[in-house]
Amino acid sequence: MSEKEVKNMEDIFEARIARDEKIEPKDWMPEKYRQTHIRQISQHAHSEIVGMLPEGNWITRAPSLRRKAALLAKVQDEAGHGLYLYAACETLGITREQMYEQLHTGKAKYSSIFNYPTVTWADIGAIGWLVDGAAIINQVPLCNTSFGPYARAMVRVCKEESFHQRQGFEIMLTLCNGSSEQKAMAQDALNRWWWPSLMMFGPTDAESVHTEQSMKWKLKRKTNDELRQQFIDQTVPQADILGLSIPDPDLKWNEKEGHYDFGAIDWDEFWQVVKGHGPCNKERMDARVSAWENGTWVRDAAMAHAEKKEMKNRKAG
Amino acid sequence: MANTDLYNYILGIADNSLILGQRLGELCGHGPNLETDIALTNISLDLIGQTRSYYQYAASFSEEYKTEDDIAFLRLEREYRNVLLVEQPNTHFGFVIGRQYLFDVYHYMLMDELQNTKDDTLQAIARKCIKEVSYHKRFSGDWLKRLGDGTEESHQKMQEAINGLWRFTNELFELTESEDAMIKAGIGVDVSKMKEHYYAEVSLLLNEATLQVPERKNFTSGGKKGTHTEHFGYILSELQYMQRTFPNMTW
Ligand SMILES: [Fe+2]
Ligand SMILES: [Fe+2]
Ligand SMILES: [Fe+2]
């Protein structure tokens, strides 16, 4: 294709998106669109998979059978989210193995929130309430994103995330209605998870590199700061219901703006974690890599067995 | 307690589900691929669900324990009645599959028979369980074939697991006093009668998987009477951690 033809295709492509048409895997798309989507969708898939680890950490210690079952179901949902997202990403011409390779070598990122440790049972409540809560705010707009497979995956994922969010809040509520030790455990979890949750929306708009292009492709509908504000405005009243205090002395309702004002986010911490120096980056990667490496003989066996079976069938046929 | 035998009988079945579910719960997020991770978590979830149904029933007439969680979390090690097989560790994926299959074949037969019990609650539970267990057995059996008749390495690992776990299989068919009493009452299943059928079915699949069927000797047992392997205390220390650290609270 000549440069002019490409330009033409791009114009047609952008016009389709502007008309709210879905882009499907077989459609022509600009290389940058493909690469941006591979990056974002695989990063999202990795987040689901790495996100299984901090919560999986409490399955064997869940305090009741009901909670154990719910946590198993939740972690299983997250694995399912990973599965649809990897499948959506594969339609763009990358294999799951390649995506894992990128994760394991640190080339692909995942949500930094999962680099914090789950040290008490209340962390399971806080993650559901805050982390799934923040994820929903990030993801609901993606149900209308331009790339069809991603948009459809998001519809399903968001339904389950909102269930997780309610379940997490309910864990917190039970703790807050419980003994003083339980309530203290809940407050401590909020103290540790609040700021990292705010960081889930990414750097401030002034520092965010991808925003403009992403807006055009409907990978983003609101800016990081708008989404963060929405999260805070939604979550503070929930903390009030729980009777917990948000660990931010500058948090204050702003009557004129109709929003909460909040204190400065520690962006140094954010970048440290993004760059791999958070409390659990190494543990998360080690766990993923060793699951993959320890599983090699299993995957090889499955492949060898399938080949043998196929040979037999062919002979028989 | 009026129904000690029934209570013990229910726990004998339920504790297997609890402990195997707990063992599988350790693996969540660490499987060889996403699909097996999801499947094993799902099996764990089924088993914990079954456990809850049994314990709720047992708690409904127990004088000692009032809730499913009391039964699950507050007993002493010697009071758990699961077979030794289900408490064996996740040494590697071959052991996970071997343990699962050797249990699933038994579990399926048990649920199949338990559907004929005179006890309405147990019957209802068995009817629900059998669907789940038939899926578990298909999953573990398929993987056993893949690993047995896969690569040389997987074959050797799978054989190692079968050899290691085999000695725990006979316990599945040993009858306790409460089982005897419940069989007489038309409530319990006489698992001792399932033994030949079990070994025949397992041997058939092991053969298909190109694996050797170990000799039926040198068996060990004790779990059903509350004498567990050294692994068990560690399982309980995780399982009971919250309830022991924070007694009498609602979660
Ligand atoms: Fe998710
Ligand atoms: Fe997500
Ligand atoms: Fe979630």
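Proteins get letters first, then strands, A, B, ... in listed order; numbering begins at 1 in each. Values reported hereafter were calculated over all heavy atoms of this structure, with side chains retained and with hydrogens, waters and symmetry mates removed.
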**Report entry** Exercise: identify the closest heavy-atom pair between B:R75 and B:E79
**Finding:** NH1-O, 3.1 Å
**Report entry** Heavy-atom contact with chain A under 4.5 Å, split by part of B:Q243
**Finding:** side chain
Query raised in the report: Given that the side chain runs from C-beta out, which part of A:V298 has a heavy atom under 4.5 Å from chain B: side chain, backbone, both or neither?
Result: both
Requested in this report: Verify the distance criterion only: is there a donor paired with an acceptor across the side chains of A:H81 and A:E160 at less than 3.5 Å?
Outcome: yes
Requested in this report: Please check if any side-chain donor atom of B:Y54 sits under 3.5 Å from a side-chain acceptor atom of B:D15, or the reverse.
Outcome: no
Query raised in the report: If you count heavy-atom pairs under 4.5 Å with chain B, which of A:Q182, A:M52, A:E55 comes out on top?
Result: A:Q182
Query raised in the report: Which class fits the ring pair B:Y57 and B:F61: parallel under 30°, tilted 30 to 60°, perpendicular over 60°?
Result: perpendicular
Report task. Assess whether atom OH of B:Y65 is packed by more than 12 heavy atoms of other residues, nucleotides or ligands within 6.0 Å. Result -> yes
Query raised in the report: Where does A:L65 contact chain B at under 4.5 Å (heavy atoms): side chain, backbone, both or neither?
Result: both
Query - Under 4.5 Å from a heavy atom of chain B, the part of A:T60 involved - result: both
Report task. Decide whether a cation-pi geometry holds between A:R166 and A:W129; the criteria are a distance under 6.0 Å from NZ or CZ to the six-membered ring centre and an angle within 45° of the ring axis. Result -> no
Report summary line: If one checks every heavy atom of A:M185 against chain B at 4.5 Å, the contacting part turns out to be side chain
Report summary line: Note: A:Y116 and A:C280 closest approach over all heavy atoms is C-SG, 4.0 Å
Requested in this report: Would you indicate whether B:R244, at its atom CZ, is surrounded by more than 12 heavy atoms from other residues, nucleotides or ligands within a distance under 6.0 Å?
Outcome: yes
**Report entry** Residue, of A:K308, A:K68, A:Q76, A:E293, that accumulates the most heavy atom pairs under 4.5 Å with chain B
**Finding:** A:Q76
Query - chain B contact via A:A306 - which portion, at a heavy-atom distance below 4.5 Å - result: neither
Query raised in the report: Looking at B:F73, B:F246, B:Y241, B:W143, which has the largest count of heavy-atom pairs under 4.5 Å with chain A?
Result: B:F73
Requested in this report: Answer with side chain, backbone, both or neither: which region of B:K157 has an atom nearer than 4.5 Å to a non-hydrogen atom of chain A?
Outcome: side chain
Query raised in the report: Do the non-hydrogen side-chain atoms of A:W292 and A:E97 ever get within less than 4.5 Å of each other?
Result: yes
Query raised in the report: Given a strict heavy-atom distance threshold of 4.5 Å, which part of B:F93 is in contact with chain A: side chain, backbone, both, or neither?
Result: both
Query raised in the report: Given that the side chain runs from C-beta out, which part of A:R96 has a heavy atom under 4.5 Å from chain B: side chain, backbone, both or neither?
Result: side chain
Query raised in the report: Thinking salt bridges, do B:R138 and B:D142 make one under a 4.0 Å N-O criterion?
Result: no
Report task. Identify which of A:V50, A:L83, A:N177, A:L72 forms the greatest number of heavy-atom pairs closer than 4.5 Å to chain B. Result -> A:L72
Query raised in the report: Between A:H46 and A:Y86, does the ring centroid distance fall short of 6.0 Å?
Result: yes
Query raised in the report: Going through the distances and angles, do A:E170 and A:R67 end up as a salt bridge (charged side-chain N to carboxylate O under 4.0 Å, His left out)?
Result: CA-CA 11 Å; A:E170 202 258 319; A:R67 294 295 185 201; 3.0 Å; yes
Query - Interface moiety of B:L18 toward chain A, non-hydrogen atoms closer than 4.5 Å - result: side chain
Requested in this report: Let me know if B:N42 has heavy atoms under 4.5 Å from chain A in its side chain, its backbone, both or neither.
Outcome: both
**Report entry** Heavy-atom contact with chain B under 4.5 Å, split by part of A:L53
**Finding:** side chain
Query raised in the report: Counting heavy-atom pairs under 4.5 Å to chain B, which of A:A291, A:A301, A:G125, A:G178 comes out on top?
Result: A:A301
Query - Per-residue contact mode, A:I49 against chain B (heavy atom under 4.5 angstrom) - result: side chain
**Report entry** Residue part contacting chain A, namely of B:I48, when any heavy atom lies under 4.5 Å
**Finding:** side chain
Query raised in the report: What part of A:N294 lies closer than 4.5 angstrom to a heavy atom of chain B: side chain, backbone, both or neither?
Result: neither
